[in-house]
Number of protein chains: 2
Amino acid sequence: MEQVKSRGISHLRESILELIRDNGLRVGDKLPSEMEMTERFNVSRPTLREALKLLEMDAVIEARQGKGRFLSAGAALSIARPITKFESVSRLLESHKHVVETKVLGFGIVHADTDTSAALDVDVGTPLVRVERLRHAKREALVYSLDWIPQHLFSEGDPSQIDWKGSIVNMLAQLNLQPVASTAIATATMLPDAVVGLHGLTDFGPAFLIEETCFTVAGTRVIFARDYHRGSAFTFSFVRK
Amino acid sequence: MEQVKSRGISHLRESILELIRDNGLRVGDKLPSEMEMTERFNVSRPTLREALKLLEMDAVIEARQGKGRFLSAGAALSIARPITKFESVSRLLESHKHVVETKVLGFGIVHADTDTSAALDVDVGTPLVRVERLRHAKREALVYSLDWIPQHLFSEGDPSQIDWKGSIVNMLAQLNLQPVASTAIATATMLPDAVVGLHGLTDFGPAFLIEETCFTVAGTRVIFARDYHRGSAFTFSFVRK
DNA sequence: TTCGCTATAATGTCAGACAAGTAGAAATCC
DNA sequence: GGATTTCTACTTGTCTGACATTATAGCGAA
């Protein structure tokens with residue numbers, strides 16, 4: 001195959017990972033030298049080294065001056081879908097074994113209280129759009145969600161005209177407010193009693209609650225969410241280093 | 001202060017973060033140019049670029065060809081103690097507001113079953129040391145733990161002579177088997193009924209279960225652990241990108 | 001006021017060089 | 001013949017200087 005010019009350091013980093021995979025390298029194995037890789041990928045040595053440093057930082061490989069570079073234990077610690085990957089609940093549920101439906105339990109404009117104002121970096125009392133939803137499959141409740149979005153982000157539109165059954169992340173993307181990252185706190189809890197009573201969720205069991213604030217590229221906080229995931233239906237993976 | 005020659009790319013990365021902090025840069029602010037930073041840190045441009053690429057990969061800064069580098073939203077998304085940081089349960093509990101004590105509920109040599117053999121990469125039937133412990137403070141149970149360690153790792157010692165009240169991570173470190181990373185799965189669940197009954201843990205409530213396999217630098221799997229954290233006592237933070 | 005051109009600034013990538021560390025082979029010594 | 005030393009080649013670490021590409025500011029002409 002014709003050697004392709006690098007399309008950026010990230011792409012080169014992926015190519016190196018692919019090389020590791022294709023050569024079936026195991027922990028402790030030596031990587032090809034820098035010279036060999038510059039020829040293989042048709043890039044300069046400084047450019048290659050930039051990509052290699054990224055893999056070293058990820059603990060995938062380790063460099064030994066004078067000896068070479070070796071695959072480290074971190075290479076095995078790769079998870080396809082770690083909890084640290086940013087994605088919406090709607091997106092998470094796309095891979096559920098059954099068709100998941102969304103029921104909008106409530107919608108309204110509320111004033112920011114101390115929790116939501118701190119999370120969204122707005123003044124207490126600022127108007128927020130609050131959406132309450134339940135994701136379920138085959139009569140089994142999966143995720144109970146509360147989302148707060150600053151109303152002023154809908155400068156042109158009327159929030160009540162929006163179809164809240166869809167992904168809020170996707171909807172905001174269409175307003176040029178694409179959420180791309182978040183800070184989150186997870187804990188094990190039970191659904192609030194009031195929620196259990198009002199919505200007949202007596203068999204939900206323990207919930208994996210993720211409370212998170214989503215940001216755009218520019219750093220604007222656009223969503224504050226509380227997602228209660230049914231404990232028996234979800235696990236979340238991650239690597240610890 | 002005299003300019004200090006770089007002590008590696010990681011150190012340079014930290015110096016750049018320090019520069020960002022000292023200059024009070026905010027999201028959207030422009031970083032000094034590469035030329036300015038090479039002079040400030042007394043390193044070459046390729047070396048500086050390697051460190052900068054690490055920060056770009058972490059979404060702390062973003063580069064625009066022809067324009068400069070800017071602080072991005074990821075810069076704000078730093079958590080002092082994310083769930084992805086590798087640390088033992090003993091270490092986690094050191095920061096608990098009350099003194100935490102460890103009760104060894106059980107100890108024994110067992111045969112690896114299908115779960116533990118898969119997690120520790122040993123044959124089914126392989127002898128494992130199994131330790132059952134409860135961490136509690138002021139009569140409040142905090143973490144119920146099960147740990148499995150391959151018996152062959154204790155080539156010289158007698159596992160029954162070990163004080164299992166301490167940190168297993170620290171104990172293994174003294175056997176030159178320092179665990180440094182792990183893969184983990186988290187979920188919300190309830191303590192097994194048998195455990196609740198036998199140990200009087202009826203008020204434990206929902207548990208944040210982390211099931212994880214710990215590795216040494218060389219990639220050896222040394223611990224398989226199931227840690228049930230009392231949901232009302234623990235939260236876990238992380239960033240999602 | 002607008003457009004086009006030029007110069008400057010900044011990142012992206014490259015080639016070549018030297019420093020430092022390591023391993024293995026060859027030569028030397030006892 | 002074995003041990004030690006020296007030499008060579010390989011590899012990563014860091015540097016200098018150069019060119020490519022992108023973006024922007026400023027100036028002059030229309």
Side-chain angles (χ1 to χ4, degrees), chain A residues 2-17 19-20 23 25 27-72 74-75 217-218, chain B residues 2-17 19-20 23 25 27-72 74-75 217-218:
Chain A
E2 185 181 2
Q3 284 171 327
V4 176
K5 201 67 166 176
S6 170
R7 299 196 303 271
I9 305 299
S10 292
H11 182 263
L12 183 55
R13 175 182 172 280
E14 293 300 323
S15 300
I16 297 169
L17 282 174
L19 170 67
I20 289 171
N23 286 10
L25 294 187
V27 171
D29 285 355
K30 186 172 177 293
L31 266 68
S33 68
E34 284 179 7
M35 185 156 106
E36 286 168 307
M37 286 192 274
T38 58
E39 285 169 15
R40 179 190 187 99
F41 297 119
N42 194 24
V43 295
S44 71
R45 208 177 146 225
T47 297
L48 174 77
R49 284 180 60 84
E50 285 185 10
L52 288 169
K53 283 297 169 190
L54 299 179
L55 292 172
E56 286 168 40
M57 208 65 188
D58 285 339
V60 173
I61 62 179
E62 67 179 310
R64 298 292 179 79
Q65 183 175 357
K67 290 188 75 170
R69 282 194 174 80
F70 303 84
L71 214 66
S72 57
V217 166
Chain B
E2 186 181 0
Q3 285 169 328
V4 177
K5 199 69 166 179
S6 169
R7 301 198 302 271
I9 306 299
S10 293
H11 182 262
L12 184 54
R13 177 181 172 277
E14 291 301 321
S15 299
I16 298 169
L17 281 175
L19 171 66
I20 289 171
N23 285 11
L25 295 186
V27 171
D29 284 355
K30 186 171 178 296
L31 265 68
S33 66
E34 285 179 5
M35 184 158 103
E36 286 168 307
M37 287 193 272
T38 57
E39 285 168 13
R40 179 189 186 98
F41 297 120
N42 195 22
V43 295
S44 71
R45 207 176 146 227
T47 298
L48 174 76
R49 287 179 57 83
E50 285 185 10
L52 289 169
K53 282 300 169 192
L54 300 179
L55 293 171
E56 287 169 38
M57 206 66 187
D58 285 338
V60 173
I61 62 177
E62 64 179 311
R64 298 292 179 80
Q65 184 174 358
K67 288 188 76 172
R69 282 193 172 84
F70 303 85
L71 213 68
S72 58
V217 166

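Order of the sequence lines sets the chain letters (A, B, ...), proteins ahead of strands, with each chain counted from 1. Since this is a predicted model, take the numbers as computed values, not measurements.
Per the geometry, CE belonging to A:M35 stands 9 Å off C1' belonging to D:dC10, to the nearest Å. Rounded to a whole Å, the CD atom of B:E62 is 15 Å from the C1' atom of C:dA10. Look at NZ on A:K30: it is 11 Å from P on C:dA23, rounded to the nearest Å. For the pair A:E39 CD and C:dA15 C1', the interatomic distance rounds to 14 Å; values are reported in whole Å. As a whole-Å value, the separation of A:H11 NE2 from C:dT13 P is 12 Å. Rounded to a whole Å, the CZ atom of A:F70 is 10 Å from the P atom of D:dT11. Following rounding to the nearest Å, A:L48 (CG) and C:dC14 (P) show an atom-to-atom distance of 10 Å. Rounded to whole Å, the distance from CD1 on B:I61 to C1' on C:dG12 is 14 Å.
A distance of 10.0 Å separates CD1 in A:I20 from CG in A:D29, rounded to the nearest 0.5 Å.
Closest heavy-atom contact between B:L48 and B:L12: CA-CD2, 3.9 Å. The shortest heavy-atom contact between B:K30 and B:L25 is O-CD1, 4.1 Å. Smallest separation of non-hydrogen atoms from B:S72 and B:A59: OG-O, 2.7 Å.
Using a 4.0 Å cut-off on heavy atoms, none of the residues of residues 49-57 of chain A approach DNA chain C.
No donor-acceptor contact under 3.5 Å links the side chain of B:E34 to the base of C:dT11. Put simply, the side chain of B:R45 and the base of C:dG12 share a donor and an acceptor less than 3.5 Å apart.
Contact annotation: A:T47 does not reach the phosphate of C:dG12 (side-chain N/O to OP1 or OP2, under 4.0 Å). Between B:K67 and the phosphate of D:dT24, there is a side-chain N or O to OP1/OP2 separation shorter than 4.0 Å. Under 4.0 angstrom from either OP1 or OP2 of C:dC14 there lies at least one side-chain N or O belonging to A:S44.
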- [ ] Please test B:D58 against A:M57 for side-chain contact (heavy atoms from CB on, under 4.5 Å), starting from the C-alpha separation and ending with a verdict.
- [x] CA-CA 10 Å; B:D58 285 338; A:M57 208 65 188; 5.5 Å; no

Task: salt bridge (charged side-chain N to carboxylate O under 4.0 Å, His left out) between A:K53 and A:E56, intermediate numbers included - done: CA-CA 5 Å; A:K53 283 297 169 190; A:E56 286 168 40; 3.1 Å; yes

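The 5' end of DNA chain D is approached more closely, in terms of each residue's nearest nucleotide, by A:Q65 than by the other of B:R64 and A:Q65. Two residues, B:P46 and B:E36, neighbour DNA chain C, and the one matched to the more 5' nucleotide by heavy-atom proximity is B:E36.
A:R69 comes within 4.0 angstrom of sugar-phosphate atoms only, judged by non-hydrogen atoms across all strands, and of no base.
Between the side chain of A:T38 and the main chain of A:R45, no donor-acceptor pair closer than 3.5 Å is present.
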